[in-house]
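Right, one structure below, let's go through it.
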Amino acid sequence: MNRFSIIIPAYNEERLIAARLEHLLIPLNNFCDEIIIVCNGCTDKTVSKARFALNRLLSRNNFECHVIIEELELGSKTKALNHGIKISKNSVAVLLDADIDITSDGCAELVNFLCENNLHAASPTPNFNFCGAHWLNKQFYNVVSSSSYNKKHRIANVIALSKPAKAELFPLPNVIADDAYIQRTLGESNYRLMSTLSYTFHCPKSVLAMFKVQARIIRGNLELKRRFPRLKPPENTIPSTNLINKSVFIAIKIIALVIARYELTFNIEKWHKDESSRK
């Protein structure tokens with residue numbers, strides 16, 4: 001199996017970054033010999049907490065893994081990913097969101113799945129965690145989690161990329177929906193979700209956070225449609241569900257669309273990050 005690099009773009013993740021690093025390094029998979037954390041535009045203590053956690057771990061362990069902590073002045077996930085890919089040494093990379101908890105063993109399973117099936121991209125299957133979320137959020141994500149998109153096409157959060165995929169994709173353009181850009185550029189025949197490996201996606205807990213996240217998703221999709229019209233989204237179907245769930249889902253999507261169009265009209269470029277699930 002190929003050795004691989006894990007690349008983590010981190011924007012104001014002071015509450016999570018130490019735990020993320022520790023869970024990747026202990027235990028450490030033998031094929032993971034590089035972890036790159038690219039802090040971008042952070043206004044909190046993400047950088048110092050990452051370095052402190054690394055020094056603490058190194059004082060107690062001898063890891064056969066090179067950990068690099070980089071700091072970019074501009075807050076941009078795509079620029080952080082581009083930088084991480086540029087300085088990484090391995091042909092295969094795993095792009096990992098800082099708020100997703102997965103071990104290096106899990107990443108190695110994903111890379112093995114990628115290589116054995118001759119894929120360009122692969123992601124684990126998401127498990128949606130509604131615990132502590134508002135009632136409206138639960139109804140909405142009950143529908144979302146059952147969609148064909150999230151069962152077959154969600155190349156996001158944890159993405160293993162082959163060498164040819166990296167050559168085709170990078171450098172990424174400055175887009176909001178980086179995951180969707182990767183998925184659509186590579187095409188349905190070149191990616192797959194790994195059914196035997198999963199990760200937990202913590203849904204927004206507050207209604208306001210959910211609207212912000214959904215507005216960001218819609219803004220990203222509208223941007224891709226405008227700038228890259230040849231990149232078509234995969235077909236998304238939603239199975240039969242009860243009337244309450246479906247009504248909540250439609251209402252939230254409509255309100256999020258209104259928010260997204262307002263932000264686009266007035267060129268509001270604020271990055272809506274879900275803080276409610278990080279508490």
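These numbers come from a predicted model, not from an experiment.
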Using a strict threshold of under 4.0 Å (side-chain N to carboxylate O), is an ion pair present between Lys77 and Asp97?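 Looking at Asp97 and Lys77, the cut-off is met.
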Between Glu22 and Arg56, does any side-chain N to carboxylate O distance fall below 4.0 Å?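 Judged by the 4.0 Å cut-off on N to carboxylate O distance, Glu22 and Arg56 do form a salt bridge.
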Could you report the tightest heavy-atom contact between [X] and [Y], atom names first, then the distance?
X: Asn2; Y: Ser91; answer: ND2-OG, 4.3 Å
X: Phe4; Y: Cys107; answer: CE1-CB, 3.8 Å
X: Asn12; Y: Cys42; answer: OD1-CA, 3.2 Å
X: Ala133; Y: Lys138; answer: O-CE, 3.2 Å
X: Ala18; Y: Ala53; answer: CB-CB, 3.7 Å
X: Leu222; Y: Arg261; answer: CD2-NH2, 4.1 Å

For Asn174 and Arg227, test the side chains for any donor-to-acceptor distance below 3.5 angstrom and give the result as yes or no.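 Their side chains do not contain a donor-acceptor pair, so the 3.5 Å distance test is not met.
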Would Asp33 and Asn90 count as having a side-chain donor-acceptor pair, cut-off 3.5 Å?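 Yes, side-chain donor-acceptor contact under 3.5 Å.
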Close side-chain approach of [X] and [Y], heavy atoms under 4.5 Å:
X: Leu193; Y: Ile155; value: yes
X: Phe52; Y: Lys45; value: no
X: Asn137; Y: Phe130; value: no
X: Val111; Y: Phe31; value: no
X: Leu81; Y: Pro9; value: yes
X: Glu64; Y: Asn30; value: no
X: Ser206; Y: His134; value: no
X: Lys246; Y: Val143; value: no

Given the rule in the side chain to side chain contact (heavy atoms under 4.5 Å, CB included) test, do Leu24 and Ile8 qualify, once you have shown the distances and angles that lead to the verdict? CA-CA 11 Å; Leu24 289 171; Ile8 306 172; 3.6 Å; yes
Evaluation steps, side chain to side chain contact (heavy atoms under 4.5 Å, CB included), between Lys79 and Asn40: CA-CA 8 Å; Lys79 289 187 183 299; Asn40 57 102; over 6 Å; no
Could you measure the distance from the CG atom of Asn61 to the CG atom of Leu28? Nearest 0.5 Å is fine.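 Nearest 0.5 Å value for the CG-CG distance: 9.5 Å.
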Glu70 (side chain) donor-acceptor with His83 (main chain) under 3.5 angstrom: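 Not confirmed, Glu70 side chain does not pair with His83 backbone.
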Quick one: does any side-chain atom of Asp44 pair with a main-chain N or O of Glu14 as donor and acceptor, under 3.5 Å?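 Yes, the answer is positive, given that a donor and an acceptor are paired below the 3.5 Å cut-off.
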Relative to each other, are the rings of His153 and Tyr191 parallel, tilted or perpendicular (30° and 60° limits)?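 Rings of His153 and Tyr191: perpendicular, over 60°.
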Heavy-atom count check: over 12 atoms from other residues, nucleotides or ligands less than 6.0 Å from [X] [atom1]?
X: Lys225; atom1: NZ; value: no
X: Asn242; atom1: CG; value: yes
X: Lys166; atom1: NZ; value: yes

Under a 4.5 Å side-chain heavy-atom rule over Ile, Leu, Val, Met, Phe, Trp and Tyr, are Val175 and Leu161 clustered together?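 Yes: a chain of side-chain contacts under 4.5 Å links Val175 to Leu161.
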